[in-house]
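Taking it in order: structure first as structure tokens, then the write-up.
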Amino acid sequence: MKFANGTMRAVLPWAFTVLWIAAIIFALLLFVGAPFGEAISGFLQGAFGGRRHAYLMATLSRTALITGMAISVMLSFRAGLFNIGGEGQLVAGGLVAALVATLLPGPPLVVLVVAILAAMLAGALWALIAGVLQLYMGVPLLVGSLLLNYPIRYIASYAVAHPFRDVPSGMVQSHLVPQETWLAYFPGTRLDIGILFTLAATAFALVYSYWTVHGYHTRLNGLSADFARTVGLPVRKLTLQTLAISGAIAGLVGAIAVFGIHHRYIDGMLVQPLYAWTGIIAVLLVGMVPWAVPLSGFFFAAVQTGAAGMERAAGVPKEIALVIQAVIILFVASRVSGALSSKERGGGNA
Amino acid sequence: MRIALSGVTVRFGPVTAVNQVSLGIEPGEIHALVGENGAGKSTLMNMLFGLVTPAEGTIAIDGVERRWASPQDAIRAGLGMVHQHFMLQDSMSVLENIVLCAEPVGRFGFVDFAGARARLDAIAESHGVSIDLDRQLGRLSVGERQAVEILKVLYREADLLILDEPTAVLTPQEKDRLFDTLRSFRAAGKAIVLITHKLDEVVEIADRVSVMRAGRLVASSPLAETSKEEIARGIVGGALPAPRIRKAQEPGDVVLAVDALTVPRRGQDVGPISFDLRAGEIVGIAGVSGNGQAELVRALTGLERLRSGAISLCGQRIEKRDVGARRRLGLSYIPEDRQRMGLALGASVTENANAGRDDRKSFTIGPFLRHSAMARFARALIDNYRIRVAGPRAAAATMSGGNKQKLVVGRELGRSTPLVIAENPTWGVDIGAIDFIHGELMRMRDAGHAILLISTELDEVIALSDRILVMYDGRVSGEVAGGEASRERVGALMTSRAADALGKVA
């Protein structure tokens with residue numbers, strides 16, 4: 001009886017959340033005159049279905065980028081570093097990956113590896129600028145990292161609009177990277193193996209957070225910087241190193257987007273889909289618990305591709321699809337963080 | 001305001017922190033609540049103040065049963081509490097902290113800071129608690145922060161004042177002033193609850209004393225009907241610890257040499273300060289908090305840069321080295337603020353215990369942690385220092401104040417470095433834990449370690465130190481040998497420059 005009660009208490013809030021979401025979506029669809037059933041099935045199809053699960057692959061492909069960015073952000077946030085410049089680090093990585101791959105001659109595998117490493121280095125350096133600004137010039141990381149998003153965005157725009165532009169294509173984009181460097185697809189699908197890099201980054205982040213000395217020290221620094229200083233941890237070094245790791249992962253995500261999806265750098269391709277910001281929300285949603293980050297990333301990707309599917313299948317206007325997407329995220333996010341924080345309160349009292 | 005608690009029980013998960021306590025608090029009375037750390041005093045008062053919800057029992061105020069949804073309800077009902085661990089906003093000014101959540105609204109809906117300022121000046125005048133209202137809170141010493149907390153409650157015109165360990169950080173003079181304030185409160189018909197570990201204070205000021213042990217109320221009677229010995233036996237539940245015996249020993253080599261040290265401070269620099277500390281001696285630094293001790297400690301530990309001067313540890317100059325390098329060279333530090341500097345409260349006991357360890361090889365393999373070795377180390381600390389906690393995996397925040405302090409003391413003393421800097425090591429800690437920590441410091445001294453004891457607790461400095469340096473206004477105002485120290489002599493040096501003080505004492 002008691003057990004049943006406990007389950008009820010755990011399930012009920014979720015049931016209410018789902019009901020609320022359904023009610024609001026219903027009202028919105030009614031408002032635009034779209035059929036409810038078709039819209040919902042379009043949503044589910046768009047997120048998980050399609051011929052040979054093509055849409056699920058699209059969701060996974062997006063998951064790879066969002067989760068990668070989320071992992072990058074998580075490593076900073078757990079260390080108490082509010083690096084919200086993931087977008088800039090992502091763009092730096094993507095741009096450098098595309099430029100290295102188009103300009104560097106050599107065997108494709110070598111070019112690919114060098115380009116990915118260069119992208120990671122670029123992301124790391126871009127993150128380090130924010131760290132140096134904080135440590136040596138007193139610019140708060142929150143401000144510095146955010147503002148650094150803009151110069152790199154426009155540097156990238158300039159690079160692919162002028163010196164490295166693929167002029168015949170007529171678009172603001174770089175030349176294609178050599179086809180031999182494109183990431184392979186999983187057999188029989190249109191999903192590139194970029195997600196494996198994200199999985200590797202996730203595995204790295206898990207091992208790093210739970211089992212390494214460096215991860216332990218940065219966590220202490222994140223929980224209490226005063227404490228970390230008092231017990232003699234090299235706080236500055238930890239800060240810079242953590243930012244470099246975080247930026248390198250963002251750079252890696254940029255490289256995945258280039259070699260796996262777009263095969264070139266297209267102006268705005270990493271900025272407009274808001275990968276970096278979605279990654280931040282995905283991390284905050286699960287309270288920076290490392291193992292839950294990929295799930296959160298998948299959730300956000302599914303909601304986005306699902307909303308697009310709804311738009312296609314049921315003729316729901318794009319703007320309303322975006323509102324629905326926001327409603328789902330808002331309700332689930334408040335439910336999840338509510339559950340997490342009440343758990344924390346219980347733990348704190350015990 | 002007349003308060004009656006009846007049959008109150010508070011549970012945290014499986015732990016019963018307060019067990020069936022019934023207690024009356026009368027207006028015009030100072031009610032002392034004593035007991036060891038973890039006995040449930042603070043929890044009981046937090047319950048009364050609406051911070052925790054009782055599992056059973058009721059609160060009645062002037063005969064009316066009340067329930068609080070939050071401390072805001074309790075504050076509106078006229079309760080005020082000064083917590084042991086202050087609840088203040090570091091980034092705001094003193095004035096902003098005081099009016100927070102009780103902002104006086106002026107014309108046009110703006111906060112009437114001028115009005116608040118005038119009222120606070122009047123309060124400061126009549127109760128002798130004064131502080132610069134415009135300073136940023138984060139820059140204040142612990143003692144000054146407490147004054148802010150007391151002002152905050154006074155500002156809200158509470159009818160019941162609960163003070164959790166209020167004198168722990170005050171000098172005798174400051175304490176006397178606080179007690180005068182409390183007496184004037186009593187005369188005004190207000191009720192006062194004083195949580196304390198110091199029986200001398202109970203005897204000095206209380207009208208009624210209640211003793212708690214292991215969550216239960218073991219005694220509650222007017223002061224006149226009990227004695228200090230009886231109260232002490234009630235607290236520990238048996239025999240009292242024996243007084244400490246000091247082993248006579250000649251100090252050894254100089255471990256710490258401080259030469260003309262000056263440290264930047266807002267307004268006026270601290271220093272120049274010069275002294276030597278030798279192996280096998282405890283040098284106490286006494287003084288009213290805020291007279292440069294904090295800056296001195298931060299400069300010695302490497303948390304703050306010095307303006308000028310030299311520091312040598314074990315014969316090596318360290319003033320340019322960072323905290324980690326100094327610790328590796330042979331320095332341990334027990335900070336006064338265990339909540340912020342001593343521990344990372346969100347981390348587990350294991351994570352806290354292993355922080356800053358020198359023998360990194362014994363709990364790591366390459367870049368990886370050996371969790372089992374870390375837990376073993378934490379378990380050993382828990383056992384050796386008799387820390388009461390659920391286990392190594394428990395969050396540090398779940399421990400009581402005394403046990404938190406034991407963890408900090410254990411971690412630092414366990415490193416067995418030539419130099420130990422202990423800053424108010426027994427602040428807000430119960431009799432049993434004080435005795436234990438003092439015992440550990442003495443044992444370290446006898447084993448030939450050099451100990452610098454910075455404490456605003458005069459009795460502690462006098463009881464432990466071989467020599468006492470007194471700080472006043474950023475300088476050492478005098479030195480007294482441990483044997484010749486008396487409260488009066490040290491107290492005089494704490495409030496005036498060396499020359500004046502020596503004139504008076506001599």
Side-chain angles (χ1 to χ4, degrees), chain A residues 2 6 75 77-81 135-136 138 140 142 203-242 244-245 287-290 340-350, chain B residues 10-15 17 43 52-53 298 301-304 321-329 331-335 337-348 350-352 354-358 360 363-371 374 390 394-398 408 411-412 415:
Chain A
K2 212 170 203 174
L75 291 176
F77 280 16
R78 275 177 71 90
L81 303 171
L135 290 179
Y136 300 98
L142 198 69
F204 164 79
L206 284 175
V207 170
Y208 172 81
S209 301
Y210 290 128
W211 288 289
T212 68
V213 179
H214 200 271
Y216 165 53
H217 285 167
T218 52
R219 180 171 135 77
L220 291 178
N221 190 27
L223 286 168
S224 169
D226 284 324
F227 170 72
R229 264 165 62 77
T230 307
V231 295
L233 297 180
V235 175
R236 279 170 181 237
K237 212 164 89 189
L238 286 174
T239 299
L240 293 177
Q241 287 167 340
T242 307
I245 295 174
M288 294 179 263
V289 176
L340 283 176
S341 66
S342 72
K343 199 194 264 175
E344 210 147 79
R345 269 203 299 280
N349 281 343
Chain B
V10 178
R11 292 197 187 91
F12 295 136
V15 184
T43 307
V52 292
T53 322
R298 294 176 67 80
T301 52
L303 290 166
E304 197 163 320
R321 302 193 190 202
D322 65 19
V323 183
R326 294 186 199 196
R327 286 174 65 90
R328 282 190 292 279
L329 194 59
L331 176 155
S332 291
Y333 173 40
I334 301 166
D337 192 345
R338 58 176 165 263
Q339 302 282 103
R340 238 179 39 193
M341 299 172 74
L343 297 170
L345 291 181
S348 68
T350 298
E351 289 171 314
N352 274 290
N354 286 276
R357 252 176 99 178
D358 316 274
R360 187 179 280 204
F363 69 101
T364 59
I365 311 170
F368 299 106
L369 298 170
R370 280 167 53 203
H371 285 292
M374 288 171 72
T398 61
V408 178
R411 181 187 69 213
E412 294 301 311
R415 299 175 62 231

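Lettering of chains follows the sequences in order, A, B, ..., and the numbering in each one begins at 1.
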Checklist entry - If you measure from the Lys or Arg side-chain nitrogens to the Asp or Glu carboxylate oxygens, is any gap between Arg340(B) and Asp337(B) under 4.0 Å? => result yes
Next on the checklist: Ring of Tyr136(A), cation from Arg236(A) - is the NZ or CZ under 6.0 Å from the centre and inside 45° of the axis?
Outcome noted: yes
Checklist entry - Can you say whether Ala395(B) sits under 4.5 Å from chain A via the side chain, the backbone, both, or neither, judging by heavy atoms? => result neither
Item to check | Check ion pair Arg327(B)-Glu412(B) (N to O, under 4.0 angstrom) | outcome: yes
Checklist outcome for this item: Per side chain to side chain contact (heavy atoms under 4.5 Å, CB included), Asn221(A) is matched among Thr242(A), Asp226(A), Val235(A) by Val235(A)
Item to check | Candidate pair Arg328(B) and Asp358(B), rule salt bridge (Lys or Arg N to Asp or Glu O under 4.0 Å), full reasoning | outcome: CA-CA 7 Å; Arg328(B) 282 190 292 279; Asp358(B) 316 274; over 6 Å; no
Item to check | Proximal component of Arg370(B), with respect to chain A [non-hydrogen, under 4.5 Å] | outcome: neither
Next on the checklist: Quick check on the interface: out of Ala355(B), Gly356(B), Ala390(B), Ala394(B), who has the most heavy-atom pairs with chain A under 4.5 Å?
Outcome noted: Ala355(B)
Item to check | Winner by heavy-atom pair count (cut-off under 4.5 Å) against chain A, out of Ile365(B), Leu331(B), Thr364(B), Asn354(B) | outcome: Asn354(B)
Item to check | Heavy-atom proximity to chain A below 4.5 Å, by part of Pro367(B) | outcome: backbone
Checklist outcome for this item: To the nearest 0.5 Å, atom OG of Ser209(A) lies from atom CE of Met288(A) at 11.5 Å
Checklist outcome for this item: Output for pair (Leu81(A) CG, Leu238(A) CG), nearest 0.5 Å, gives 9.0 Å
Checklist entry - Using non-hydrogen atoms only, which part of Phe368(B) is less than 4.5 Å away from chain A: side chain, backbone, both, or neither? => result both
Checklist entry - Which region of Arg411(B), side chain (C-beta onward) or backbone (N, CA, C, O), has a non-hydrogen atom less than 4.5 Å from a non-hydrogen atom of chain A, or is it both or neither? => result side chain
Checklist entry - Which one of Pro335(B), Ser332(B), Gly342(B), Gly366(B) has the most heavy-atom pairs closer than 4.5 Å to chain A? => result Gly342(B)
Checklist entry - Considering only heavy atoms, which portion of Arg326(B) lies under 4.5 Å from any heavy atom of chain A: side chain, backbone, both, or neither? => result neither
